[in-house]
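Values below: every heavy atom of this structure, side chains too, minus hydrogens, waters and symmetry copies.
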Amino acid sequence: MRSSEKSTELQTRPLPPLHVSYVAQASAALLAEPDVLAVFGFGGRSADLDDARYFRVGLEPVGTPSYEVWRARASVHHGRAGGLQWSSDGDYLFFAVVVDDSDFEGPERAAGHAYR
């Protein structure tokens, strides 16, 4: 390749590993840690935290309830826009669309709305 030609090949690098752990409680203090990308609560008894990085999964846990925590290797930025919530450290992205299917006459129309 001549020095005047620009390479069109993408330069890739392996991502640092995403650290996943399980904790007994989720709290605002946990979500205040700068490297927390996402926290998942399971079932109706999980905490109801108002943070874009928190997502409650409707499935009831088997055994002792716990929270799944995703940690990145850098500071995380996060936000919401309508029913969308997201967080990213520049390498990894957590993204969720929250739609109540009862607002859309069932799951098919709710899914259509979410994809649009």
Side-chain angles (χ1 to χ4, degrees):
M1 179 185 319
R2 289 182 264 172
S3 61
S4 63
E5 294 178 2
K6 291 187 178 182
S7 173
T8 58
E9 291 183 31
L10 294 176
Q11 298 297 317
T12 61
R13 62 179 169 75
L15 289 176
L18 182 67
H19 184 269
V20 177
S21 62
Y22 294 87
V23 299
Q25 284 185 277
S27 66
L30 174 66
L31 288 163
E33 296 176 23
D35 65 339
V36 172
L37 184 68
V39 176
F40 299 88
F42 297 92
R45 294 184 296 154
S46 63
D48 189 17
L49 301 173
D50 185 26
D51 191 291
R53 295 165 295 159
Y54 180 74
F55 189 78
R56 185 185 297 177
V57 178
L59 301 173
E60 291 299 324
V62 175
T64 305
S66 63
Y67 294 84
E68 184 172 317
V69 181
W70 293 3
R71 290 184 185 276
R73 299 286 185 227
S75 291
V76 171
H77 303 283
H78 57 92
R80 283 194 174 118
L84 309 176
Q85 61 192 71
W86 61 269
S87 62
S88 176
D89 70 344
D91 284 327
Y92 287 98
L93 171 70
F94 161 71
F95 183 84
V97 179
V98 179
V99 177
D100 184 347
D101 61 345
S102 66
D103 292 341
F104 294 93
E105 300 175 7
E108 288 179 9
R109 289 184 185 205
H113 171 79
Y115 281 101
R116 278 189 296 285

What's the separation between atom [atom1] in [X] and atom [atom2] in [Y], rounded to the nearest 0.5 Å?
X	Y	atom1	atom2	value
L18	Y92	CG	OH	5.5 Å
W86	L37	CH2	CG	10.5 Å
S87	R80	OG	CZ	11.0 Å

Short side-chain to backbone donor-acceptor contact, Y67 and A47, under 3.5 Å: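 Indeed, once roles are kept as given, a pair shorter than 3.5 Å links the two residues.
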Side-chain donor/acceptor of S75 to backbone N/O of P34, under 3.5 Å: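 Such a contact is absent between S75 side chain and P34 backbone.
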Distance flag, aromatic centroids of F40 and F94, threshold under 6.0 Å: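 Yes; F40 has its ring centre under 6.0 Å from that of F94.
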Enclosure of D103 CG (heavy-atom neighbours >12, cutoff 6.0 Å):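 It does: D103 CG has more than 12 such atoms within range.
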More than 12 heavy atoms of other groups within 6.0 Å of E33 CD: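 Counting neighbours around CD of E33, more than 12 heavy atoms of other residues, nucleotides or ligands fall under 6.0 Å, so yes.
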Is [Y] reachable from [X] through a run of I, L, V, M, F, W or Y residues, each pair having side-chain heavy atoms under 4.5 Å apart?
X	Y	result
V36	Y22	no
V62	V23	no
V98	F95	no

Report yes if the side chains of [X] and [Y] come closer than 4.5 Å at any heavy-atom pair, otherwise no.
X	Y	result
V39	E68	no
V76	R53	yes
V97	Y115	no

Any idea which heavy atoms bring [X] and [Y] closest together, and the distance?
X	Y	value
E60	G44	OE2-N, 2.9 Å
Q25	L30	O-CD2, 4.3 Å
V99	A110	CG1-CB, 3.6 Å
H78	A52	ND1-CB, 4.1 Å
D35	R71	OD1-NH1, 2.9 Å
Y54	S46	OH-OG, 3.5 Å

Ionic contact status for R56 with D48, cut-off 4.0 Å: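 Result for this pair is yes, salt bridge flagged.
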